[in-house]
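Everything numeric here is computed off the predicted structure, so don't read it as measured data. Residue numbering restarts at 1 for every chain, and letters A, B, ... go by the order of the sequence lines.
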2 protein chains.
Amino acid sequence: MAVDPECPVCKTADIVCAKWTLLVVRELDEGRSRFCELERSLTGISPRTLSLRLRELEQEGIVERQQLPELPPRVEYALTDKGRALLPMIEDMRCFGERWLEGEPAVSATVA
Amino acid sequence: MAVDPECPVCKTADIVCAKWTLLVVRELDEGRSRFCELERSLTGISPRTLSLRLRELEQEGIVERQQLPELPPRVEYALTDKGRALLPMIEDMRCFGERWLEGEPAVSATVA
DNA sequence: TGCGGCACTTCACTTGGTAAAGTGGTTGGG
DNA sequence: CCCAACCACTTTACCAAGTGAAGTGCCGCA
């Protein structure tokens with residue numbers, strides 16, 4: 001997926017532009033969470049995609065996977081500092097969406 | 001591609017997470033540009049993808065397409081205000097990339 | 001007159017994401 | 001005691017997005 005491995009913007013885009021990535025991060029910002037909890041709050045995500053995304057994010061050091069030593073063994077995911085460094089982007093996107101994408105999906109001019 | 005049409009973050013992600021989108025925007029922030037110039041500066045993009053992306057971005061009101069009345073008719077693309085509203089995200093991504101993605105693509109721990 | 005540039009489009013192919021079902025381990029209920 | 005359900009995922013088959021290479025129609029220039 002990489003475009004220019006030298007360019008910080010490209011490298012970041014390669015990570016965060018995979019579908020659901022930012023939503024997973026936003027969800028984990030609410031607090032550590034288990035697989036099935038994420039599955040429930042991210043309505044529409046397939047377990048396969050969630051699984052892939054969590055593994056990628058773990059490899060990138062953006063989320064931390066913790067297998068609790070209980071029985072049955074639950075698994076919890078949490079954001080790392082690196083992961084929290086993605087939050088400003090999400091905030092920018094929220095602002096952009098609220099300011100420029102209100103209601104209609106960019107149909108015609110709202111001139112009047 | 002849409003996930004939750006009510007959520008500003010999702011709606012924004014649906015636009016900016018298409019491949020090359022942010023790079024096109026960044027390129028146009030350098031000044032208005034023509035199709036083949038974009039093709040040359042965005043090394044690796046296929047003309048099909050560039051064409052699709054420009055059309056989508058035009059529909060969203062993020063870029064402006066201007067057919068100059070010359071012969072042969074050149075076409076120029078430029079950012080709108082809405083398009084410039086995406087620049088903070090790109091800046092965040094650059095920062096993130098520089099701070100957290102230096103050099104290695106997240107191989108192993110840099111603990112020491 | 002034919003060569004090259006511009007602004008794309010078309011086509012065949014690969015990759016990424018989805019939906020639905022399945023797996024293996026672990027309780028809890030009848 | 002055993003069947004159902006829950007958890008944390010995989011597997012499989014499919015569809016959509018992006019790629020690479022080639023092609024199109026228009027033009028100007030030598």
Exercise. Where the side chain of A:Thr80 meets the backbone of A:Gly61, is there a donor-acceptor pair that is under 3.5 Å apart?
Worked result: yes

Exercise. In chain order, what residues pass the side-chain contact (heavy atoms from CB on, under 4.5 Å) check against A:Cys36, with sequence neighbours excluded?
Worked result: A:Glu39, A:Arg40

Seminar exercise, completed: When every non-hydrogen atom of B:Val3 is compared with those of B:Cys10, the smallest separation belongs to CG1-SG, 4.2 Å

Problem set entry | With A:Pro73 via side-chain contact (heavy atoms from CB on, under 4.5 Å) - residues at least two apart | A:Gln67, A:Leu71

Exercise. Looking at B:Glu58 and B:Arg55, does any basic side-chain N land under 4.0 Å from a carboxylate oxygen?
Worked result: no

Exercise. For nucleotides 5-19 of chain D, read 5' to 3', which letter fits each nucleotide if B means a protein heavy atom sits under 4.0 Å from the base, S means only the sugar-phosphate is that close, and - means neither?
Worked result: --SSBBBB-----BB

List the atom pairs, with distances to 0.1 Å, where a side-chain N or O of residues 23-30 of chain A and a protein N or O form a donor-acceptor pair under 3.5 Å, not counting sequence neighbours.
none

Exercise. By side-chain contact (heavy atoms from CB on, under 4.5 Å), which residues pair with B:Arg32, not counting sequence neighbours?
Worked result: B:Gln66, B:Glu76, B:Ala78

Distances under 3.5 Å between protein N/O atoms and the N/O atoms of nucleotides 27-30 of chain C, please, pair by pair.
unit_1 : atom_1 : unit_2  : atom_2 : d
C:dT27 : OP1    : A:Leu71 : O      : 2.7
C:dT27 : OP1    : A:Pro72 : N      : 3.1

